[in-house]
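Residue numbers run from 1 in the order of the sequence given. Whatever order the structure lists ligands and atoms in, that order sets their numbers, starting from 1.
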Amino acid sequence: MASNIFCYFNDILIILKAEVSAPANAEEANRPDYVLNKYDYFGYGTNSSVHQVNVVALSKLTCFILPNQYGHLLQPKTIWNAEETPEHSLLEQILHLEPLEVDIFRGFTLPEAPTFRQVFGGQFIGQALAAASKTVDCLKMVHSLHAIFLVAGDNNIPIIYQVHRARDGSSFATRKVEAKQKGLVVFTLIASFQKEEVGFEHQAAIMPDVPPPEQLLNLEEIRERRLTDPRFPSQYRNLAAKKKFIPWPIEMRFCEGSASQHKPSLNYWFRARGKLSDDQALHRCVVAYASDLLFSGVSLNPHREKGLKTYCLSLDHSIWFHKPVKADEWMLYVIESPSAHGGRGFVTGRMFNRQGELIMSLTQEALIRREKPRGPNPRPKL
Ligand SMILES: CCCCC/C=C\C/C=C\CCCCCCCC(=O)SCCNC(=O)CCNC(=O)[C@H](O)C(C)(C)COP(=O)(O)OP(=O)(O)OC[C@H]1O[C@@H](n2cnc3c(N)ncnc32)[C@H](O)[C@@H]1OP(=O)(O)O
């Protein structure tokens with residue numbers, strides 16, 4: 001007893017009871033119909049662009065009609081749609097993208113953002129994930145991503161993010177993102193998104209027993225101590241003062257002292273500086289950004305020696321988000337490096353919240369070499 005539903009207005013219809021089906025159109029003949037269930041919604045006004053679709057009621061249907069003028073209530077005011085406001089944390093500004101065209105965005109390396117000799121890998125991951133997230137139904141959250149760093153990014157030119165809508169299913173959606181500079185693909189990301197679902201539950205990973213962040217010093221405090229503590233020789237203090245200090249928008253507190261710096265592992269607490277907008281998609285981009293900061297370097301720990309200068313670059317990076325993330329609250333990053341071989345260091349990571357819940361799992365491979373002395377005029381890579 002299927003019957004077609006015709007909407008003559010710009011409203012949003014939220015299904016309260018029954019099952020509705022939207023058949024695939026002619027170009028997608030091989031794709032199965034979407035089946036809409038309780039609390040799914042359809043209708044014009046859910047998006048700025050208008051798509052026509054036949055909706056067929058398979059049984060008696062009860063809908064809540066949200067008039068178009070109230071459509072904004074479904075859109076949280078966050079970086080995804082809000083005007084730029086000065087109270088956004090530096091991280092939200094770093095992840096802010098300019099929409100250029102449908103599925104094309106422009107990102108920048110802000111002068112106040114931390115940089116090293118090339119675009120920070122976490123910036124590519126965070127911005128590309130932000131671009132992908134903007135093209136996905138806001139009920140679907142990223143649950144996994146896989147990134148490859150192809151070419152060193154140039155800090156001085158914008159990055160163009162082109163999103164390809166690989167698939168939109170009823171539970172999952174997949175996006176591929178290419179980041180380009182001067183027409184060259186410098187970075188790629190593939191990310192999968194999923195609607196919230198209830199299912200089997202277990203957690204075998206146990207959070208290590210470490211001191212709470214309140215009992216540990218952050219990087220600024222460690223540096224201050226190095227500069228002022230009279231127990232350090234003055235030569236050491238002068239050297240520490242000359243070292244370039246990067247004020248990262250992420251606060252970090254290390255759980256072990258320098259005695260364990262040769263172990264192929266590292267545990268540290270971190271959180272975003274400043275208050276972030278209450279938006280799960282944004283919080284996932286922020287931790288994705290932070291996750292590349294001190295990760296592959298752990299594979300160099302057993303090889304550190306006085307005077308060693310290293311060349312360390314992330315090659316690829318994967319994240320699995322198990323549970324909702326709060327990036328402005330403390331999370332413990334537990335990193336281990338099971339192997340270094342052939343110029344490549346491999347690291348695995350786990351992030352726990354303060355309650356000991358495993359929030360994310362991560363892996364990365366990086367190029368790790370002794371630094372070659374640089375010539376006077378290094379060749380431009382782009
Ligand atoms: C425990 C307490 C710690 C407290 C620390 C406190 C605070 C933290 C503060 C700072 C930490 C910041 C660290 C952040 C790092 C995060 C990681 C990243 O973001 S890495 C950036 C993302 N990744 C990339 O951009 C990689 C992009 N990909 C590439 O560049 C290329 O694919 C490639 C990997 C280089 C491979 O290219 P190719 O096949 O052409 O390889 P080549 O071997 O030929 O090398 C090319 C080129 O690279 C340079 N190079 C290579 N090896 C060296 C070396 N050993 N030394 C110097 N330079 C090297 C060189 O220019 C080569 O060109 P050429 O052959 O002409 O010399």
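Less than 4.0 angstrom separates some heavy atom of Gly121 from each of these atoms of ligand 1: 18 (C), 19 (O), 21 (C), 22 (C). In the vicinity of Leu293, heavy-atom distances shorter than 4.0 Å reach the ligand 1 atoms 13 (C), 14 (C). Interface of Arg370 with ligand 1, defined as ligand atoms under 4.0 Å from a residue heavy atom, comprises 54 (C), 55 (N). The ligand atoms of ligand 1 that sit less than 4.0 angstrom from a heavy atom of Leu219 are 6 (C), 7 (C). Near Val119, meaning under 4.0 Å from one of its heavy atoms, ligand 1 places the atoms 21 (C). The atoms of ligand 1 that sit less than 4.0 Å from any heavy atom of Leu315 are 34 (C).
Evaluated for a side-chain hydrogen bond (donor to acceptor under 3.5 Å, both in side chains) with Asp103, the options His164, Gln162, Arg165 yield exactly one hit, Arg165.
Environment of NZ in Lys323: crowded, with over 12 heavy atoms of neighbouring residues, nucleotides or ligands closer than 6.0 Å. Atom CZ of Arg117 sits in a crowded spot, with more than 12 heavy atoms from other residues, nucleotides or ligands closer than 6.0 Å.
At least one N or O atom of Tyr311, backbone or side chain, sits closer than 3.5 Å to an N or O atom of ligand 1. On a distance-only criterion, Phe254 and ligand 1 share no N/O pair closer than 3.5 Å.
At a heavy-atom distance under 4.0 Å, only side-chain atoms of Gln118, from C-beta outward, approach ligand 1. Contacts between Phe295 and ligand 1 below 4.0 angstrom, taking non-hydrogen atoms only, are absent altogether. Residue-level proximity to ligand 1 for Lys372 is carried by backbone and side chain together, each with a heavy atom below 4.0 angstrom. Both the backbone and the side chain of Phe120 come within 4.0 Å of ligand 1, judged by heavy-atom distances. By the criterion of a heavy-atom distance under 4.0 Å, the side chain of Phe116, and not its backbone, is placed next to ligand 1.
If you check each of Gly153, Ala366, Ala152 against atom 30 (O) of ligand 1, the one with the closest non-hydrogen atom is Ala152. Nearest-heavy-atom check against atom 18 (C) of ligand 1 across Ser314, Pro373, Gly343 picks out Ser314.
The side-chain heavy atoms of Met331 and Val325, taken from C-beta on, include a pair separated by under 4.5 Å. Proximity of Val163 to Lys134: side-chain heavy atoms (C-beta onward) are nowhere separated by under 4.5 Å.
If you take CG on Leu219 and CD on Glu221, they are separated by 9.5 Å, rounding to the nearest 0.5 Å. We find the CZ-CG distance between Arg284 and Leu129 to be 9.5 Å, quoted to the nearest 0.5 Å.
Residues Tyr161 and Phe105 place their aromatic rings such that the two centres sit no closer than 6.0 Å. A centroid separation of 6.0 Å or more is found between the aromatic rings of Trp248 and Phe270.
Using bins of under 30°, 30° to 60° and over 60° for the plane-to-plane angle, the ring pair Phe149/Phe187 lands in the tilted bin.
Remark: distances from the non-hydrogen atoms of Val186 to ligand 1 are all 4.0 Å or more.
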